[in-house]
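So that the names make sense, note that chain A is the first sequence line, chain B the second, and so on, each numbered from 1. Computed from a prediction, not measured in an experiment: that's the story for all the values here.
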Amino acid sequence: MGNKALDIGPAVFATVCAVAGVTMFDSPAVRTLAGLPLIFYLPGHAILCAAGMNRRNTLESIVLTTGLSIAVTIFCGLALNLVGPLTPIRWAVALAAITLGGYWRAQRSAVGRDLLPFRPLLLPALSGKRALMLAGSVAIAVTAITWSRFDAQAYREFAFTELWMVQEPNGTAVTVGIRNAERAPSSYDLEVVVDNHLVAARRGIDLNVGEKWLSEFVWPVADGKAHAAEARLFKRGQDGVVYRRVWLHTDAKEPRT
Amino acid sequence: MFAPPQIGSGHIVGALVALWLRFVAAVTRLTRSFLGLGQSIESTGRARTSWGCIPILSLTSALALALIAITLSPVDHVGSWQTALFCAGVILLFFPLATRIVWPSVSRFEQIGLLLVAIAGLYGIKLLTSPFGFAGFDEFLHWATAEDILIRHRLFGPNTLLPISPLYPGLEIVATAVVNITGLPLFASAFLLLAVSRFVFIGALFLFFETVTRSSRLAAIACIVYMGNASFPLFHISFSYESLAVVFAVLVFLAASRIHVGDGDQAQRSILLATPFIAALAVTHHLTAYIATAMLALITVIAFAGRAPRRVCVALAILTAMSAFFAWSWMQIVGNPIGEYLGPSLGGALSDFTHLLTTWSLARKPFVSTDGSVSPLWQRATMLSALLLICLGLAMGFFRALHRAGATLERVAGRIPFALRWRNDWLVFFVVLACAFPLTVIFRLSASAWEIGNRLGPHVHLGVAPLVAIAIAGAWQGRSTSAWRAMAVGAAITVTLAGGVFTAWGGPVELPRRYRVIADQLSVEPMGIEAAQWTKTWLGPDRRFVADRINRILLTTYGEQQVVTQLNDEIDTSWLLFGEKLGSDEMDALKEASVDYLLIDMRLTQALPRLGVYFETGEDERLHETPPDARNLQKFNRVPHVSRPYDNGYIVLYDVASLVKRLRDGQ
């Protein structure tokens, strides 16, 4: 009995750590380290142990364990959905319960006698030079992928300026916004017209790339009439040409929310 | 005196006959050699377990990935060399790996390691093509389902983009479980899940092939050949339910293949092991579950026909019945939506296929996208060469595989005096499966059936890959330790892998990558994403939108909006956007769909859609005659009671809620 307890001890300890990590920490790094085995390894391993099908840490064992863990996670999700919402704590408790149940069953079962749950993989010896090559390849691949993400996100195929006008929920004002997504800082002029009357004008709105400008204008909603408001944006250097145009129509008696 | 022999006509005829017989014998010898008839089985080679070339080939693969990263960048870093360097990167990635894998004496440990390096390299390419997160169209569909699960903490919520997706939630359950357990964002969680599932897949595939062929060398070669199927490089690494389903399918086959090894207890254990994978497959993807059932039925029939031991036949029959039962049961539980979903596609495919067979005119031009763009010559040549090499491998592997399976023709009593007998049911299964390969190629020549050919491809490749591997290990490389020969074979495999990558690309490889109209990955770029995010910030979620195919997926995922689709709402909104004026049909569509906003993307006027549709499959063909007129797209500028709350110069939003309200009120 003592030997069996020793075999399963690390797996049980990892399960408890996973539950603790998921329920007690907010840090994704901690939760990832603690929690990933709970989805991709431990449930499958526990069930294979319980069924007496666990073998040493061969490719077959790893593949079946991981595949089975993913399958178990699916069944667990379906079952959880029947009894309540799928929350982190419920997930952790459910997966841990399956895992611990499996190990308990393996302990009680006679087929669990020759289990070697956490026997490490027997890898061939690796020289320092080769280890360096492997580490270097991982570093190069990770750097290449990370760089490509930043490189692509920094590149903007389309240079544009956003102009918008939305009514406030209470219907008493409109918000006009401008965002510069051009390739260079830009200067803008803005006119707001209500029922063909200029009600506001802002000159020289200077925005850096990615910068946003917001302003609220009072909306004459209480007079019982329908209104139309229009915002016209002019970009410096393109005199007289309306660069962007947005408008709102509302029924004054029933302002939209 | 020497007298010259008299040559009579009899001598000439005799000489000609002798020559002819020698010619026939030579041709027969060559044919037998080509087909491998009666030849001994290839060397399987044994080597001491070591890291071998794994470290150095990891390094070359990482460098290849770096090269590919530079060339896939939207920024023009290397000028006109971009495409050439991309190809160099692909060659640098695959060629050394393939050359080493075909080598006769590589240890099993090294073979597995090299396969993992190859799969990591392919996964790297996938990540490089998705710099903004999810990029493939199908990924957005399943992202929407997963996001819904995360928001509502419940399964089976609605998905307007793909209503069937929440009903097969296996992938999304695991992805959201990772989010819940780790606290990582969905994309990172999906990335982890897909990486793990890829490694499980290739591990299971290797073990499956190894169990059947009893050779780790053949298994490794078969795996690398399998990676050349067009679905493998990008589609099966995407966040799509099929990606996880194929993992379960291979695990089922692995468990099933073990039935033949060992005694009755082993058969029981195999059934026990396969059961959770069959059940998980049934709730993950409908089509893969049906195809897996059909394949299990096929191996059962082969086992019965080959007079396999009774325990084997019974165990396989049980697995087949179980697979059919789980797939059918789940379909009933979720409300049998399959016919509705697959029916039109299958109907269209059948019609196209019949048209193809009766008229011999292609409904789809190979290498030409719907927008008229043609793949460059080098790309076409690579894809065609890949196809030819696979065909050559099949031709040379067919009889070798049968020979390896112990297939013999036996004289028997009865109406048919001969009977085919074999010992290895699974190898015969591979041979039968490979016979469907030409069909998948023909399907790809049809517009509607293309999808079916594409979906069947990876499953048929389960048979194709081992046959080609047997040809490689038996003839192309054989027992030879010639480095040149290994390099030639490595080059051939590289061509098949590159052909797979280029086919998976879904159109011409144009670098640097630029926006294209309705080209899925190429159409997803920051401006569209930011417009969708704007709607969530300023309009709030769950508004009803009408938009094109690309902006629909962006609005649903980044914007958390509801989109109107023909698939979900059964309302065609295409002419609402593209029509010259607003007629009664368009007004009815607005009213019935309860539309709040229209999103107009003026970039649609630039070209015809690369993927054949502006909105969704089955839309009016007249939409594809010319790109939409800009004036038609802007017609809402002139419609009363329609507001225009957002404009970025390319994308414009129209608020039609007030108009719809008036239409409802009958004003």
Side-chain angles (χ1 to χ4, degrees), chain A residues 22 26 28 31-32 35-36 38-40 51 53 59-60 62-64 66-68 70-74 77-78 81 85-88 91-92 124 126 130 133-134 136-137 140-141 144-145 147-149 151-153 155-158 160-166 244-249 251 256, chain B residues 49-51 55-56 58-59 61-63 65-66 69 72-75 109 112 124 127-128 131-132 149 153-155 170 173-174 176-178 180-184 196 200 203-204 207 247 251 269 272-273 276-277 280 283 514-515 525-527 538 641 643-650 657-658:
Chain A
V22 172
D26 283 334
R31 287 172 61 176
T32 302
L36 273 189
L38 199 54
I39 294 175
F40 292 123
M53 284 192 273
L59 174 69
E60 184 184 353
I62 294 168
V63 162
L64 291 178
T66 311
L68 194 55
I70 295 173
V72 166
T73 305
I74 292 175
L78 291 170
N81 187 60
L86 301 161
T87 57
W91 267 114
L126 185 66
R130 289 179 160 194
M133 277 187 199
L134 282 175
S137 10
I140 291 170
I145 291 167
W147 170 82
S148 80
R149 292 181 72 81
D151 187 50
Q153 283 167 359
Y155 176 78
R156 304 195 75 86
E157 185 173 353
F158 295 98
F160 59 96
T161 298
E162 291 179 304
L163 172 68
W164 66 89
M165 181 158 67
V166 290
R244 301 279 180 268
R245 209 157 64 99
V246 290
W247 61 81
L248 287 179
H249 288 288
D251 187 340
R256 287 196 49 221
Chain B
T49 298
S50 74
W51 287 89
I56 184 74
S58 301
L59 201 58
S61 301
L63 290 171
L65 213 54
L72 285 183
S73 165
V75 185
F109 178 84
I112 295 167
L127 288 177
L128 292 174
F132 304 110
I149 294 171
H153 301 294
R154 301 308 291 240
L155 302 177
I173 288 175
V174 187
T176 53
V178 178
N180 277 301
I181 292 285
T182 62
L184 291 170
V196 171
V200 174
L207 291 167
V247 179
L251 285 166
R269 278 199 294 271
L272 195 64
L273 189 62
F277 299 133
V283 299
R514 291 284 179 263
Y515 172 87
E525 49 69 55
M527 187 174 74
W538 290 95
H641 312 294
S643 301
R644 179 170 141 147
Y646 175 90
D647 177 12
N648 72 15
Y650 298 90
S658 179

Picking from [options], which has the most non-hydrogen pairs under 4.5 angstrom with chain A?
options: B/A69, B/P526, B/G124; value: B/A69
options: B/V178, B/V247, B/L127; value: B/V178
options: B/G649, B/A280, B/A177, B/G170; value: B/A177
options: B/S50, B/A66, B/S73, B/P74; value: B/P74
options: B/A62, B/P55, B/G183; value: B/P55

Which value, rounded to the nearest 0.5 Å, describes the distance between [X] atom [atom1] and [Y] atom [atom2]?
X: B/I149; Y: B/R154; atom1: CD1; atom2: CZ; result: 11.5 Å
X: B/H153; Y: A/W91; atom1: NE2; atom2: CH2; result: 13.0 Å
X: A/F160; Y: B/Y650; atom1: CZ; atom2: OH; result: 9.0 Å
X: B/I112; Y: A/L59; atom1: CD1; atom2: CG; result: 4.5 Å
X: A/W247; Y: B/D647; atom1: CH2; atom2: CG; result: 8.5 Å
X: A/R245; Y: A/M165; atom1: CZ; atom2: CE; result: 10.5 Å

Looking at chain B, which one of [options] has the largest number of heavy-atom pairs inside 4.5 Å, strictly under?
options: A/A144, A/A92, A/G136; result: A/A144
options: A/A141, A/P124, A/S148, A/S137; result: A/P124
options: A/L126, A/I145, A/I140, A/T73; result: A/L126
options: A/L248, A/D151, A/L36; result: A/D151
options: A/T87, A/T161, A/T66; result: A/T161

Is [X] close to chain A through its backbone or its side chain, or both, or neither, when contacts mean heavy atoms under 4.5 Å?
X: B/Y515; answer: both
X: B/L155; answer: both
X: B/V196; answer: side chain
X: B/V283; answer: side chain
X: B/Y646; answer: both
X: B/L72; answer: neither
X: B/L207; answer: side chain

- Message: To check you understand the geometry: which heavy-atom pair defines the closest contact between B/S58 and A/L134, and what is its length?
- Response: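 Of all heavy-atom pairs spanning B/S58 and A/L134, the closest is OG-CD2, 3.5 Å.
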Counting only heavy atoms closer than 4.5 Å, note whether [X] contacts chain B via side chain, backbone, both or neither.
X: A/I39; value: side chain
X: A/T32; value: both
X: A/R156; value: side chain
X: A/Q153; value: both

- Just by distance, do the side chain of A/R31 and the backbone of B/N180 share a donor-acceptor pair under 3.5 Å?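 Looks like yes, one N/O pair under 3.5 Å.
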- Answer whether the closest heavy-atom distance between the side chains of B/P276 and A/L68 falls below 4.5 Å.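 Result yes, sub-4.5 Å side-chain heavy-atom pair found.
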- Sub-4.5 Å side-chain heavy-atom contact between B/L251 and B/L273: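 No. Closest side-chain heavy atoms not under 4.5 Å.
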- Side chains of B/N648 and A/R244: do they bring a donor and an acceptor to under 3.5 Å?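 On atom types as modelled, these side chains do not qualify, holding no pair under 3.5 Å.
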